[in-house]
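FYI, side chains are in, hydrogens and waters are out, and symmetry mates aren't considered; it's all heavy atoms of this structure. Note that the structure is a prediction, hence the values are computed from the model and not measured. Naming: A, B, ... by sequence-line order, numbering from 1 per chain.
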Amino acid sequence: MAEEKGLNFIEEIVEEDLKNGKYQQIITRFPPEPNGYLHIGHASSICLNFGLTEKYGGYTNLRFDDTNPVTEETEYVESIKEDVKWLGFTWKNELYASDYFDTLYGFAVDLVKKGLAYIDDSSSEEIARLKGTPTEPGSNSPYRNRSVEENLDLFERMKNGEFKDGSKTLRAKIDMAHSNMLMRDPVLYRIKHAHHHRTGNKWCIYPMYDFAHGQSDSIEEVTHSLCTLEFVPHRELYNWLIEKLEIYPSRQYEFARRNLTYTITSKRKLLQLVNEKYVNGWDDPRMTTISGMRRRGFTPASIRDFASRIGVAKRENLVSMSLLEHCVREDLNRIAIRRMAVLDPVKLIITNYPNGQTEEVLSENNPEAEDNGGTRPVIFSGELWIEKEDFMETPAKKWFRLAPGALVRLKSAYIIKCEGYNKDSNGNITEIHCTYLPESKSGNDVSGIRTKGTIHWVSAAHAAKAEVRLYDRLFSVEDPAAEEKDFLEYVNPGSLQVIPEAYIEADLGNAKPGDRYQFIRKGYFIADNDSTPQHLIFNRTVTLKDTWAKESRK
RNA sequence: UGGCCUAUAGUAUAAUGGUAGUACAACAGAUUUUGGUUCUGUCUGUCUUGGUUCGAAUCCAGGUAGGCCAACCA
């Protein structure tokens with residue numbers, strides 16, 4: 001018996017609603033505002049909303065919450081659609097809150113007619129002053145008791161553009177002494193003579209979030225409207241408006257937003273990183289935007305797996321980046337082709353290998369692939385590049401790699417023995433001299449020798465070159481937003497290390513943007529969008545787990 | 001100092017009045033032509049005080065801690 005994984009609290013609600021026949025199918029929506037790029041937090045929400053209807057039947061709409069023309073742009077709409085698709089989800093309808101502006105206007109008129117809304121001439125400062133504070137009740141606006149006729153007339157003239165921005169608002173008439181600040185006559189409509197990315201100049205009044213979101217849910221007959229915890233106080237207003245408007249009763253449920261260590265998930269702060277050039281755009285691979293993670297080499301499957309593993313709940317949280325890394329390594333281990341690349345090279349000469357001779361050795365493409373991956377030929381010669389860090393002049397304890405007199409296996413080729421090395425005047429190793437054991441060739445090893453260590457290499461005369469970009473966490477502290485100083489103070493100066501010329505297997509010259517590899521012993525990499533055959537660029541998605549790094553720190 | 005929300009290993013999440021489990025992390029070991037992968041094992045937890053109950057992580061009350069709420073943002 002497979003043990004049943006417990007349901008999260010939202011799944012429980014859905015199962016209950018389905019079981020007691022409240023709904024035949026469920027409808028959810030993913031409602032981004034098109035004022036920025038989607039990030040890993042949105043990915044969780046996308047997985048939640050789409051995952052629910054995939055699991056229980058029904059569908060999910062993509063609805064842009066575009067009620068503030070000042071901050072919203074078509075560029076963001078396009079990126080959001082691309083990101084949702086890339087994650088592997090298909091929305092039923094592509095919708096916009098702005099599609100409902102006429103209906104919403106009608107709803108507002110209805111509310112006015114019912115005596116439940118009024119036009120207020122107070123300035124925003126005045127409204128704020130009369131609002132009171134969380135501990136003190138507010139007081140009524142002097143305009144609160146206008147007649148229905150006057151309100152109707154003024155609202156229509158607001159719509160017709162007779163008034164300046166900020167001069168009037170439409171407010172719900174609820175209770176200025178309510179313990180919930182949002183119920184103290186919330187503003188429903190404001191005047192903005194601004195160009196909207198979809199409706200152009202048709203409107204000069206725009207509904208507020210509270211008078212658009214729930215109403216849009218209702219129009220679409222969304223059954224479960226999921227949002228983050230900061231909207232909990234809005235639920236009372238959400239329900240009040242639905243009740244007074246007598247429209248379809250969508251229900252709002254709130255979950256805790258997901259936070260990830262060493263990153264930030266605030267659109268405002270992400271925008272700041274972009275605008276102030278801390279990163280190279282929204283899709284910089286250091287960004288935990290979905291587009292950044294895509295360029296970094298994360299797979300949709302790994303992000304979905306991550307979202308499902310962290311689950312959903314109502315308590316504050318800070319999820320460890322190591323879980324995300326685990327998810328992507330697990331996926332990439334299965335699908336990434338193995339190749340050899342030397343990032344920080346030192347020359348290795350095999351002194352007893354016949355001068356000018358070359359030969360082909362066979363190396364595995366991916367021992368972890370379901371179909372075994374097959375093999376590829378790699379050219380071997382007497383002059384190779386290996387990693388500087390694979391040689392130690394005076395070996396540490398438990399050192400399995402090259403050192404004077406030590407034996408090590410060259411991956412898929414021969415066992416070599418270090419016979420000597422050259423140093424320059426600064427003490428840097430410039431060249432390592434080895435002999436090889438001809439009888440130790442991989443696949444035909446009759447040497448009887450087993451080495452503890454295996455290192456990777458490329459033939460110096462046959463290697464291709466590539467730019468390699470090594471990425472590390474963008475911030476040097478776990479929770480930059482919670483620190484004393486401004487979050488920008490904690491940007492990790494070493495978050496990007498560029499290697500202009502790494503030596504790579506010649507075969508890698510054919511890499512196309514988006515191709516993923518494991519550079520053996522170095523990590524998972526993806527060919528960057530800007531990579532061309534003339535100038536190859538690889539981004540490191542994530543390192544391999546490195547138990548030696550841990551060991552050597554002891 | 002009003003209202004609302006939350007509290008389970010280091011982290012994230014299960015257990016729905018009946019043996020506190022899983023994953024990641026950490027640690028130890030086995031395997032390994034990647035110090036990768038895989039496998040085995042170990043460590044660590046119910047915020048606190050009362051109450052209800054045969055029995056409480058779960059229900060109730062008080063306390064404590066954290067979060068949210070005073071944009072014509074969403």
Give one of base, sugar-phosphate or nothing for [X], where a contact means two heavy atoms less than 4.0 Å apart.
X: A:Gly443; answer: base
X: A:Leu544; answer: base
X: A:Asp445; answer: nothing
X: A:Ile310; answer: sugar-phosphate
X: A:Asp546; answer: sugar-phosphate
X: A:Pro137; answer: nothing

Atom [atom1] of [X] to atom [atom2] of [N]: distance rounded to whole Å?
X: A:Leu332; N: B:G36; atom1: CG; atom2: P; answer: 17 Å
X: A:Glu551; N: B:G35; atom1: CD; atom2: P; answer: 14 Å
X: A:Arg401; N: B:U32; atom1: CZ; atom2: P; answer: 19 Å
X: A:Ile455; N: B:U32; atom1: CD1; atom2: C1'; answer: 17 Å
X: A:Asp479; N: B:G66; atom1: CG; atom2: P; answer: 15 Å
X: A:Arg329; N: B:A25; atom1: CZ; atom2: C1'; answer: 11 Å
X: A:Arg63; N: B:A74; atom1: CZ; atom2: P; answer: 13 Å
X: A:Trp548; N: B:U32; atom1: CH2; atom2: C1'; answer: 18 Å

key: Residue whose closest nucleotide on RNA chain B lies nearer the 5' end, A:Glu364 versus A:Val232   = A:Val232
query = If you find the nucleotide of RNA chain B closest to A:Arg450 and the one closest to A:Lys398, which residue's nucleotide is nearer the 5' end?
reply = A:Arg450
How far, in whole Å, is [M] from [N] if one measures between their [atom1] atoms?
N: B:U37; M: B:U32; atom1: C1'; answer: 9 Å
N: B:U8; M: B:G45; atom1: P; answer: 14 Å
N: B:U46; M: B:G36; atom1: P; answer: 34 Å
N: B:C69; M: B:U1; atom1: C1'; answer: 15 Å
N: B:A14; M: B:C59; atom1: P; answer: 14 Å
N: B:U58; M: B:G35; atom1: C1'; answer: 45 Å
N: B:U31; M: B:G18; atom1: P; answer: 45 Å
N: B:G62; M: B:A25; atom1: C1'; answer: 37 Å

Under 6.0 Å between the ring centres of [X] and [Y]?
X: A:Trp548; Y: A:Phe400; result: no
X: A:Tyr189; Y: A:Phe155; result: yes
X: A:Phe306; Y: A:His326; result: no

Could you check whether [X] makes a cation-pi contact with [Y], meaning its NZ or CZ is under 6.0 Å from the centre of the six-membered ring and within 45° of the ring axis?
X: A:Arg146; Y: A:Tyr118; answer: no
X: A:Lys269; Y: A:Phe487; answer: yes
X: A:Lys192; Y: A:Tyr206; answer: no

ask   = Going by a 90° cut-off around 0, is B:A71 syn or anti?
value = syn
Aro-ring/base stack A:Tyr209-B:A74, d under 5.5 Å, angle under 30° = no
Looking at [X], does any N or O in its side chain come under 4.0 Å of the phosphate oxygens OP1/OP2 on [N]?
X: A:His456; N: B:U34; result: no
X: A:Lys545; N: B:U37; result: yes
X: A:Arg258; N: B:U13; result: yes
X: A:Arg521; N: B:G35; result: yes

Check every atom of [options] against the side chain of [X] and return the nucleotide holding the closest atom.
X: A:Lys550; options: B:C27, B:A74, B:U34; value: B:C27
X: A:Ser322; options: B:U34, B:A74, B:A25; value: B:A25
X: A:Glu368; options: B:G36, B:C73, B:G35; value: B:G36
X: A:Thr547; options: B:G35, B:A74, B:A25; value: B:G35

inquiry  = Please give me the minimum heavy-atom distance between A:Val312 and A:Arg258, naming the atom from each residue.
reply    = CA-NH1, 3.4 Å
request  = List the atom of A:Met176, the atom of A:Lys131, and the distance in Å for their closest heavy-atom pair.
outcome  = CE-CA, 4.0 Å
ask   = Under 3.5 Å, is there an N or O donor on one side and an acceptor on the other linking the side chain of A:Gln518 and the base of B:U34?
value = yes
query = Looking at B:U34, does its base get a donor-acceptor pair with the side chain of A:Arg338 below 3.5 Å?
reply = yes
query = Would you say the side chains of A:Tyr238 and A:Asp217 form a donor-acceptor pair under 3.5 Å?
reply = yes
What class does the angle between the rings of [X] and [Y] fall in, given that below 30° is parallel, 30 to 60° is tilted and above 60° is perpendicular?
X: A:Phe64; Y: A:Tyr96; answer: parallel
X: A:Trp203; Y: A:Phe101; answer: perpendicular
X: A:Tyr414; Y: A:Tyr436; answer: perpendicular
X: A:Phe525; Y: A:Phe519; answer: parallel

key: Lys/Arg-Asp/Glu bridge criterion (N-O < 4.0 Å) met for A:Lys159, A:Glu156   = no
ask   = Does the pair A:Asp507/A:Arg376 count as a salt bridge with the N-to-O cut at 4.0 Å?
value = no
N/O-N/O pairs, protein side and nucleotides 68-72 of chain B side, under 3.5 Å:
residue, atom, partner, partner atom, Å
B:C72, N3, A:Gly166, O, 3.4
B:C72, N4, A:Ser122, O, 3.0
B:C72, N4, A:Ser124, N, 3.3
B:C72, N4, A:Gly166, O, 2.7

message = Heavy atoms within less than 4.0 Å of RNA chain B: which residues of residues 311-320 of chain A have one? Give them sorted by number.
response = A:Val312, A:Ala313, A:Lys314, A:Arg315, A:Glu316, A:Asn317, A:Leu318, A:Val319, A:Ser320
Watson-Crick and G-U pairing of RNA chain B, under 3.5 Å, as dot-bracket with | and [ ] = .((((((..((((....[..)))).(((((.......)))))....(((((..]....))))))))))).....
